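Worksheet: one structure, shown below.
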Amino acid sequence: MTEESAHDGPTESTLETDGSDTAGDEGVVRRDRFSGGPARSFLSSLAADERIFEADIEIDRAHVIMLAEQDIIGDDVAGQILTALDAIEVDGHDSLPDGEDVHEAIETAVIEGVGPDGGKMHTARSRNDEVAACIRYRLREDVLEAIETTLALRESLIEVAAEHTETIMPGYTHLQPAQPTTVAHWALAYEGAVRRDTARLLEAYERINQSPLGGAAFAGTPFDIDRERTAELLGFESVVENSMDASSSRDFLLETTQALSTHATTLSGLAEDVIIFANRGFVDLSDDYSSTSSIMPQKKNPDTLELVRAVAGDAAGGVQGLTTTLKGLPRAYNRDLQRATTHAWETVDAVTEASEVAAGAVATADWNADALAAEAGEGFSTATGVADLLAANGLPFRTAHELVAIAAENSADYDALEAAAQDVLGESLEAYVDPEAVEAALDPAESVASRDSQGGPAPEAVGPQLETARDALEADGETLEATDDALEEAHEALRSEVNGYV
């Protein structure tokens with residue numbers, strides 16, 4: 001997992017002018033007065049900003065085109081700036097001059113290439129709204145990638161469920177044998193949870209995909225800008241209307257990190273189950289998702305899933321770190337925000353990778369049907385089924401529960417139940433139920449088949465669940481595809497506009 005991160009941008013300094021002055025060797029923002037001192041490296045986020053380098057280039061392009069369309073700068077100047085941005089993009093982040101952050105470094109490179117008119121690129125803009133736009137622009141791509149991995153995991157779980165609708169397995173509560181169920185029922189339980197994780201990320205994406213450009217430092221700008229136009233050029237669905245909110249809010253980061261943390265928690269539970277099942281011989285993980293010991297050659301360890309399990313802690317830490325950074329910040333821009341974005345980048349990277357690994361591990365695992373069936377009836381796991389049978393034949397459920405509990409202390413068979421009936425009821429079990437029905441209820445497969453209520457493990461109840469899961473997966477897949485297409489169309493449209501100037 002990568003540890004690459006990008007910090008938020010610097011303070012509220014803004015050049016809402018034509019930017020005609022230059023800064024010599026010291027960059028274009030801080031000037032000589034603020035260009036030195038031991039805190040410069042502490043303030044700098046240039047190295048970490050590589051993550052949002054391409055986002056900043058695109059945002060610069062959209063802003064320059066809007067400025068030209070609004071006659072705030074001339075078409076010839078716009079063409080020079082856009083040509084310089086193309087060259088900077090080709091040369092890459094590593095070729096940027098020294099600067100406090102990627103935004104200043106790109107602007108400095110533009111001015112070096114164009115001359116003083118390059119400074120007009122920053123007209124009607126602050127680094128505050130610029131960096132907020134960069135974060136949203138890049139984060140939405142990362143979130144779409146994370147959503148794609150949740151869809152892959154859901155597909156893997158659905159495939160497992162479809163293949164194992166009749167594969168009986170033990171079900172647990174408190175890690176104790178509880179009731180028999182099926183592999184399909186287990187897999188669909190996780191599919192439902194991951195489906196909700198997908199939904200949370202899609203909802204977070206909607207609030208990420210809003211443009212803060214035009215908020216400037218926080219108080220807007222006197223220039224006749226068109227915020228809707230820059231939003232359109234960048235593929236944002238709308239604008240964050242209030243300029244102070246646009247430049248300073250990071251709740252979209254917190255919401256996204258929380259949604260990722262919730263997904264990581266789901267993944268952690270899934271990983272734990274599979275680790276336990278592998279330990280008990282119920283499932284065999286592919287070698288691609290296992291490792292061996294450095295000293296014990298016979299070992300096959302579920303290492304990848306152990307790391308998936310651990311990512312939940314990383315994600316929870318990201319939420320805590322981000323929440324603590326944002327807590328109590330006064331409105332408008334504060335430099336604390338430079339430390340906030342790292343938590344989101346690290347979380348989205350870790351959780352996306354963990355989700356992808358979990359999907360692969362589930363898809364390639366082999367389920368041991370014989371071992372599962374042999375264990376399904378252990379611990380008198382069909383006891384509840386017997387109690388239900390007695391209740392269905394007129395015995396109060398609590399009385400049936402007592403009777404079966406007494407039988408469980410001795411043996412999980414008909415004789416133990418008959419003895420308990422004599423003790424509790426003072427008469428034979430046959431007075432309430434047919435012995436053959438009791439024998440059937442004691443069988444794990446029959447017990448599962450009887451649980452055909454909506455959402456239950458019976459194969460006929462699993463069928464509708466599979467249909468619902470497939471329909472939801474298809475719908476979310478179409479949403480993701482349409483969203484990807486919309487961003488690609490916006491990117492191509494922006495490129496076309498740029499080509500009209502260069």
Side-chain angles (χ1 to χ4, degrees), residues 1 146-147 149-161 164 167 169-201 204 256-286 289-290 301-320 347-365 367 372 375-376 381 455-457 462 465-466 468-469 472-473 476:
M1 289 174 281
I147 291 170
T149 66
T150 70
L151 299 185
L153 177 54
R154 286 162 59 186
E155 184 176 10
S156 295
L157 290 165
I158 289 170
E159 289 176 355
V160 169
H164 294 284
T167 303
M169 68 174 287
Y172 301 94
T173 61
H174 309 283
L175 279 181
Q176 302 301 310
Q179 294 177 272
T181 185
T182 64
V183 172
H185 195 233
W186 171 87
L188 289 173
Y190 275 110
E191 190 283 328
V194 179
R195 192 191 316 164
R196 293 189 294 275
D197 293 341
T198 302
R200 277 183 281 267
L201 287 168
T256 302
T257 307
Q258 288 169 333
L260 290 163
S261 180
T262 299
H263 181 47
T265 302
T266 303
L267 295 174
S268 186
L270 172 64
E272 173 71 354
D273 270 1
V274 177
I275 289 167
I276 291 172
F277 294 162
N279 173 263
R280 295 177 180 177
F282 298 162
V283 69
D284 183 27
L285 287 175
S286 165
Y289 294 92
S290 307
N301 301 322
D303 286 9
T304 55
L305 288 176
E306 290 170 352
L307 287 171
V308 168
R309 185 174 59 189
V311 164
D314 298 336
V319 172
Q320 183 64 35
T347 301
V348 71
D349 286 346
V351 176
T352 298
E353 188 172 21
S355 187
E356 183 178 19
V357 167
V362 169
T364 56
W367 293 86
L372 288 165
E375 194 72 19
S381 68
V462 163
Q465 296 173 60
L466 270 170
T468 298
L473 178 62
D476 287 345

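One-based numbering along the sequence shown. Below, each value reflects all heavy atoms present in this structure, side chains not excepted, and no hydrogens, waters or symmetry copies. Computed from a prediction, not measured in an experiment: that's the story for all the values here.
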For Ala361 versus Leu305, what's the shortest heavy-atom pair and its separation? CB-CD2, 4.0 Å

What's the spacing between Leu372 CG and His164 NE2 if we round to 0.5 Å? 9.0 Å

Can Ser268 and Val311 be said to form a side chain to side chain contact (heavy atoms under 4.5 Å, CB included), step by step? CA-CA 7 Å; Ser268 186; Val311 164; over 6 Å; no

In Å and rounded to the nearest 0.5 Å, what is the CG to CZ distance from Leu267 to Arg309? 13.0 Å

If you compare all heavy atoms of Ala359 against all heavy atoms of Ser156, which two are closest, and at what distance to 0.1 Å? O-OG, 3.0 Å

Contacts table for residues 180-194: side-chain donor-acceptor under 3.5 angstrom, sequence neighbours left out:
from   : atom 1 : to     : atom 2 : distance (Å)
Thr181 : OG1    : His185 : ND1    : 2.9
Thr182 : OG1    : His185 : N      : 3.0
His185 : NE2    : Gly455 : O      : 2.9
Trp186 : NE1    : Asp273 : OD2    : 2.9
Tyr190 : OH     : Gly269 : O      : 2.9
Tyr190 : OH     : Leu270 : N      : 3.3
Tyr190 : OH     : Asp273 : OD2    : 3.1
Glu191 : OE1    : Arg195 : NE     : 3.4
Glu191 : OE1    : Arg195 : NH2    : 2.5
Glu191 : OE2    : Arg154 : NE     : 3.2
Glu191 : OE2    : Arg195 : NE     : 3.3

Taking the side chain as every heavy atom from C-beta outward, state whether Thr256 and Val348 have any pair of such atoms under 4.5 Å apart. no

Could you state the interatomic distance from CD1 (Ile158) to CG (Leu466), rounded to the nearest 0.5 Å? 7.0 Å

Between Tyr289 and Gly360, the two heavy atoms sitting closest are OH-CA, 3.2 Å

Taking all non-hydrogen atoms of both residues, which atom of Pro177 and which atom of Tyr172 are closest, and how far apart? N-CD2, 3.7 Å

Only one of Leu307, Val308, Leu285, Ile276 clears side-chain contact (heavy atoms from CB on, under 4.5 Å) with Pro302; which? Leu285

Report, as yes or no, whether the 6.0 Å neighbourhood of atom CD on Glu356 holds more than 12 heavy atoms from other residues, nucleotides or ligands. no

Quick check: do Gln465 and Val462 have side-chain heavy atoms less than 4.5 Å from each other? yes

Over all heavy atoms of both residues, which pair between Ala365 and Val283 is shortest? Give the atoms and the distance, please. CB-CG2, 3.7 Å

Which pair of non-hydrogen atoms, one from Ala146 and one from Leu260, has the smallest distance, and what is that distance? CB-CD2, 4.1 Å

Please examine the side chains of Thr347 and Asp314, heavy atoms only from C-beta on, and report whether any two atoms are closer than 4.5 Å. no

Pairwise side-chain contact, Val160 with Trp367, heavy-atom cut-off 4.5 Å (strictly under): yes

With rounding to the nearest 0.5 angstrom, report the OG to CD distance, Ser261 to Gln320. 10.5 Å

Here the gap from Ile275 atom CD1 to Arg280 atom CZ, rounded to the nearest 0.5 Å, amounts to 12.5 Å

Asp197 versus Thr150, side-chain donor and acceptor atoms under 3.5 Å: no

